[in-house]
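Shown next, in structure tokens, is the structure this report addresses.
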Amino acid sequence: MFGFNEKEDFVPKIFRDLEQKSINRIFLNLYNSLVEDELKIPYIYAKEASCLRNIFELKIQNMSAERALRFNKVRQFCPYSHKIIKAYKEGKLNKLKLETKKPKYALAKLIQNVFLSSSFTLPLQVAFEAFVYDKICKSNTKSKVTIYKNIIIINEKMAVMPLFYKDNDKDIELALQFIKDNSFERFYIVYPRNKNFTQHKEIRHFLCENNKTLLKLVPYTINNQILRRC
């Protein structure tokens, strides 16, 4: 799990030895890959926050201050948003009567998404896939990038299979099935980079040789740096 409740953070084992700022930064990269723009959180909060929960507390605090300054400019009044915001500020979210409709204010959406449950955790495989896909698209702006069965395909020549949890034998077998049925020049199985996995590893197999496909296990750094490929 990667998230938090009222008492503690939940951090994947591969990241537990990192300093808090680094944990916060990795978490934010994965979180931001899952949400729409108005709910994305700037990376400055990773540096300032004392824990994962505090990232959202600080962001909500600043959003509340900004909202107060532009209150008179609000064009669309949303009573449900006001109820959520008021309940959060008063510490009474557990008593809030939920409604089927969605709040319209970004501040209320953030509070609802993160704090209405007793804990908040990311779906790690989905988040990692979304993060890798988004980063590949931004790094290869002139390439054709598609997804087929959770495999990211670039220009129909290179395939990337993002996997948060590592199971070498099973993962390689799955990759070989795709290699057998396709004609990729390169096939990369990417996992989150961590202290125990920092080097590329080439996998040799007769299917790779027959199909002239380079198969590698690749450590993928979870950060917001974009390197333009073309």
Side-chain angles (χ1 to χ4, degrees), residues 1-4 8-34 43 46-47 49 51-52 55 120-140 143 145 147-155 157-180 182 184-209 211-229:
M1 291 192 296
F2 206 177
F4 57 87
E8 61 183 336
D9 284 351
F10 309 129
V11 180
K13 185 177 180 180
I14 58 174
F15 301 139
R16 287 176 191 165
D17 291 335
L18 299 176
E19 63 176 1
Q20 188 65 47
K21 291 178 184 178
S22 297
I23 293 172
N24 292 350
R25 195 175 299 114
I26 292 171
F27 179 87
L28 265 189
N29 273 285
L30 295 175
Y31 165 81
N32 284 341
S33 71
L34 294 174
Y43 296 98
K47 183 178 181 180
C51 60
L52 297 180
I55 292 173
F120 178 77
T121 58
L122 300 177
L124 283 175
Q125 178 58 32
V126 174
F128 188 56
E129 286 177 10
F131 170 78
V132 174
Y133 174 75
D134 184 59
K135 196 165 184 178
I136 286 175
C137 288
K138 290 177 179 177
S139 300
N140 299 270
S143 300
V145 182
I147 295 181
Y148 176 71
K149 293 185 177 179
N150 299 329
I151 306 294
I152 302 167
I153 302 172
I154 306 169
N155 291 333
K157 294 181 179 181
M158 184 172 79
V160 178
M161 183 166 68
L163 296 172
F164 189 88
Y165 300 102
K166 192 175 181 182
D167 186 343
N168 279 4
D169 293 341
K170 180 181 177 182
D171 301 340
I172 292 170
E173 183 62 31
L174 180 59
L176 290 172
Q177 288 299 316
F178 278 96
I179 290 172
K180 178 182 178 182
N182 294 276
F184 300 121
E185 293 177 3
R186 289 171 288 169
F187 195 111
Y188 297 148
I189 305 174
V190 303
Y191 306 101
R193 184 184 182 92
N194 60 83
K195 70 173 186 177
N196 296 318
F197 184 51
T198 60
Q199 301 292 326
H200 291 218
K201 180 180 179 181
E202 182 176 352
I203 304 300
R204 298 187 180 279
H205 191 278
F206 74 89
L207 282 175
C208 299
E209 296 176 2
N211 288 42
K212 297 180 179 180
T213 301
L214 174 66
L215 174 59
K216 278 189 174 183
L217 307 183
V218 178
Y220 203 86
T221 303
I222 302 177
N223 62 29
N224 61 325
Q225 296 178 3
I226 303 299
L227 301 177
R228 303 294 180 186
R229 304 298 182 187

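Given the structure is predicted, the values throughout are model-derived calculations rather than measurements.
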Problem set entry | Test side chain to side chain contact (heavy atoms under 4.5 Å, CB included) applied to Met161 and Leu174, step by step | CA-CA 10 Å; Met161 183 166 68; Leu174 180 59; 3.7 Å; yes
For this session: Start with the C-alpha distance between Asp17 and Lys195, add both sets of side-chain angles, then the distance that settles side chain to side chain contact (heavy atoms under 4.5 Å, CB included), and finish with yes or no.
Result: CA-CA 9 Å; Asp17 291 335; Lys195 70 173 186 177; 2.3 Å; yes
Problem set entry | Stepwise side chain to side chain contact (heavy atoms under 4.5 Å, CB included) test for Ile151 and Val160 | CA-CA 6 Å; Ile151 306 294; Val160 178; over 6 Å; no
Exercise. Are Asn196 and Ile14 close enough, and set up right, to give a side chain to side chain contact (heavy atoms under 4.5 Å, CB included), and what steps lead you there?
Worked result: CA-CA 8 Å; Asn196 296 318; Ile14 58 174; 5.6 Å; no
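For residues 211-225, no residue pair satisfies the salt bridge (Lys or Arg N to Asp or Glu O under 4.0 Å) rule, not counting sequence neighbours.
Shown here is Gln199, whose CD atom has no more than 12 heavy atoms of other residues, nucleotides or ligands within 6.0 Å. With a 6.0 Å radius and a threshold of 12 heavy atoms from other residues, nucleotides or ligands, Arg16 has its CZ atom above the threshold.
The nearest pair of heavy atoms linking Leu18 to Ser22 is CB-CB, 4.0 Å. What you find for Ile179 and Leu207 is that their closest heavy atoms are CG2-O, 4.1 Å. Summarising the geometry of Leu52 relative to Asp9, their closest heavy-atom pair is N-OD2, 3.1 Å, with the distance given to 0.1 Å. Residues Phe184 and Ile153 come closest through the heavy atom pair CE2-CG2, 4.0 Å. Closest non-hydrogen pair, Gln20 versus Ala49, comes out as CG-O, 4.4 Å. Counting all heavy atoms, side chain and backbone alike, Asn211 lies closest to Asn182 at ND2-O, 3.1 Å.
The pair Asp171-Lys166 does not count as a salt bridge, with every side-chain nitrogen at least 4.0 angstrom from each carboxylate oxygen.
Residues Asn223 and Lys135 have side chains that bring a donor and an acceptor to within less than 3.5 angstrom of each other. Counting only N and O atoms by type, the side chains of Asn24 and Tyr43 include no donor and acceptor under 3.5 Å apart.
Between Phe2 and Phe27, the distance from one ring center to the other falls under 6.0 angstrom. The six-membered or imidazole ring of Tyr191 lies away from that of Tyr220, with a centre-to-centre distance of 6.0 Å or more.
Asn140 places a side-chain N or O within 3.5 Å of a backbone atom of Ile136 that can act as its donor or acceptor partner. A side-chain donor-acceptor contact under 3.5 Å links Arg193 to the backbone of Thr198. Remark: the backbone N or O of Leu30 is paired with a side-chain donor or acceptor of Ser33 at under 3.5 angstrom.
Once rounded to the nearest 0.5 Å, the distance linking CD1 of Ile154 with OG of Ser143 reads 6.5 Å.
When the options Val132, Asn194, Leu28, Ile26 are evaluated for a side chain to side chain contact (heavy atoms under 4.5 Å, CB included) with Ile222, the one that passes is Ile26.
Considering only residues two or more places apart in sequence or on other chains, Phe131 meets the ring pair (Phe, Tyr, Trp, His ring centres under 6.0 Å) condition with none of them.
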Check: residues 120-129 side-chain donor-acceptor pairs under 3.5 Å, at least two apart:
residue : atom : partner : partner atom : Å
Gln125  : OE1  : Phe164  : N            : 2.9
Gln125  : NE2  : Glu129  : OE2          : 2.8
Gln125  : NE2  : Pro162  : O            : 2.9

